[in-house]
Amino acid sequence: MPDRTEQTAHEAHSNIGSVQDHSGSPSALHDPVLAWYAVNKRELPWREPGAGAWAVMVSEFMLQQTPVNRVLPAYQRWLERWPKPVDLAAEAPGEAVRAWDRLGYPRRALRLHAAAQAIVERHGGEVPDDHAALLALPGVGTYTAAAIASFAFGQRHAVVDTNVRRVLARSLTGVAQPSISPTAADQRLAVSALPADEPTAARWAVASMELGALICTARTPRCADCPIRSDCAWVRAGSPPYDGPPRRGQTYEGTDRQVRGRLLAVLRAASAPVPKTELDTCWPEPVQRERALDGLVADGLVEPLSRGRYRLPA
DNA sequence: CAGTCGTGGTG
DNA sequence: TCACCAAGACT
């Protein structure tokens with residue numbers, strides 16, 4: 001437990017630049033969150049000391065929109081099979097899609113494969129430590145570039161994922177939920193909350209994210225166990241409910257995504273090319289079925305062969 | 001920039 | 001039960 005006395009009267013000189021009025025002071029959060037993390041962090045394979053940047057990168061790709069518990073087995077198998085970028089780069093992209101299993105969003109598998117090839121071609125087979133170089137890799141966006149640079153190389157970057165956006169929205173801005181999609185304001189807020197010192201900033205990045213994953217959760221936050229509850233602007237305001245616009249529910253039944261998922265499941269399970277007649281059994285409605293299959297081919301997830309047969313890309 | 005892209009666990 | 005949610009990227 002962090003040994004903090006009750007809030008040491010926040011100075012009234014509040015604001016940083018143009019960001020909205022935070023009722024909390026970012027620096028007041030650092031020590032409690034870091035201390036909490038030291039005690040409560042999960043032991044995850046990509047966090048082990050010898051994991052390396054490739055392990056971090058693989059985990060980050062898999063964790064894009066997929067929960068930790070579902071990533072773990074696929075992650076283990078992946079690194080066992082492809083311990084270095086060059087190992088994956090030498091494989092057919094379809095093997096990456098197959099090994100991706102049912103993690104969802106299989107284009108991530110394709111992008112990770114392409115990123116491995118780019119790492120071999122541009123960086124001698126080593127995951128680059130430069131933020132701009134990372135950002136230039138397929139499938140690496142603002143978040144993932146910062147995450148790899150911070151987690152794997154200890155650099156100082158604002159690592160802004162949905163967890164961090166929620167933690168900052170509550171603790172600093174005082175609202176129940178962050179904006180629906182990431183905004184420039186979120187990014188600025190995260191930058192302003194970053195410790196100045198590089199190693200401390202790197203620890204803050206994982207720690208604040210972990211806090212969002214374990215305590216400051218979306219549905220039912222465990223405020224009673226939160227190390228910064230006494231400094232949290234949202235708690236101080238009486239934990240007001242979310243009052244913004246309704247969040248779009250993501251329907252799945254009957255969508256192209258469901259059809260794509262079914263088609264790809266058949267192809268993943270097949271060791272030989274699959275006749276289209278077999279794929280046709282995946283979905284009764286022909287127009288949507290064709291559209292889904294065409295989409296998969298266009299995305300490079302499926303390769304059409306002669307005589308109406310299909311397979312994962314070679 | 002809003003839409004698209006999988007899958008499964010859960011409150 | 002069923003809507004909501006999970007370490008986003010890309011167009």
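Labels below follow one simple rule: chain letters A, B, ... track the order of the sequence lines, proteins then strands, and each chain is numbered from 1.
Taking side-chain N and O atoms only, A:Thr144 has a distance below 4.0 Å to OP1 or OP2 of C:dA9. When the side-chain nitrogen and oxygen atoms of A:Tyr252 are compared with OP1 and OP2 of B:dT7, one or more of them lie within a distance under 4.0 Å. The shortest distance between the side-chain N/O atoms of A:Arg260 and the OP1/OP2 oxygens of B:dG6 is below 4.0 Å. One finds no side-chain N or O of A:Arg108 lying less than 4.0 angstrom from the OP1 or OP2 phosphate oxygen of C:dG8. Remark: A:Gln65 is in phosphate contact with C:dG8, judged by side-chain N or O atoms under 4.0 Å from OP1 or OP2. Applying the 4.0 Å criterion to OP1 and OP2 of B:dT10, one finds that A:Arg70 has every side-chain N and O outside that range.
Along DNA chain C, the nucleotide nearest A:Gly141 and the nucleotide nearest A:Thr217 are compared for position; the residue whose nucleotide lies closer to the 5' end is A:Thr217. Nearest-nucleotide positions on DNA chain C for A:Thr162 and A:Val140 put A:Thr162 closer to the 5' end.
We find that CG of A:Asp186 is positioned 13 Å from P of C:dG8, with the value rounded to whole Å. When rounded to the nearest whole Å, the span between CZ of A:Arg166 and C1' of C:dC4 equals 12 Å. Atom P of nucleotide C:dA6 and atom CG of A:Leu214 are separated by 12 Å, given to the nearest angstrom. Here C:dG8 presents its P atom at 16 Å from CG of A:Leu112, a figure rounded to the nearest Å. Remark: C1' of B:dC5 and CH2 of A:Trp100 are 13 Å apart, rounded to the nearest angstrom. A:Tyr105 has its OH atom 12 Å from the C1' atom of C:dC10, to the nearest Å. Put simply, CG on A:Leu263 is 15 Å from C1' on B:dT7, counting in whole angstrom units. Atom CZ of A:Arg111 and atom P of C:dA7 are 19 Å apart (whole Å).
Side-chain atoms of A:Ser179 and A:Arg165 include a donor-acceptor pair closer than 3.5 Å. No donor-acceptor contact under 3.5 angstrom links the side chains of A:Thr277 and A:Asp280, judged on distance only.
One finds a salt bridge joining A:Asp231 and A:Arg236 here, because a Lys/Arg side-chain nitrogen approaches an Asp/Glu carboxylate oxygen to under 4.0 Å.
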Taking only N/O atoms, report every protein-nucleotides 1-4 of chain B pair under 3.5 Å with atom names and distance.
none

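Here B:dT10 is the nucleotide among C:dG8, B:dT10, C:dA7 with the atom lying nearest to any side-chain atom of A:Arg219.
The shortest distance between side-chain heavy atoms of A:Asp161 and A:Arg166 does not fall below 4.5 Å. Between A:Glu126 and A:Trp54 the shortest side-chain heavy-atom distance does not fall below 4.5 Å. When side chains are defined from C-beta on, A:Arg203 does not count as touching A:Tyr37, because their heavy atoms never get closer than 4.5 Å.
Residue A:Arg222 comes nearest to A:Leu214 through the heavy atom pair CD-O, 3.7 Å, listed as atom of the first residue, atom of the second, then distance.
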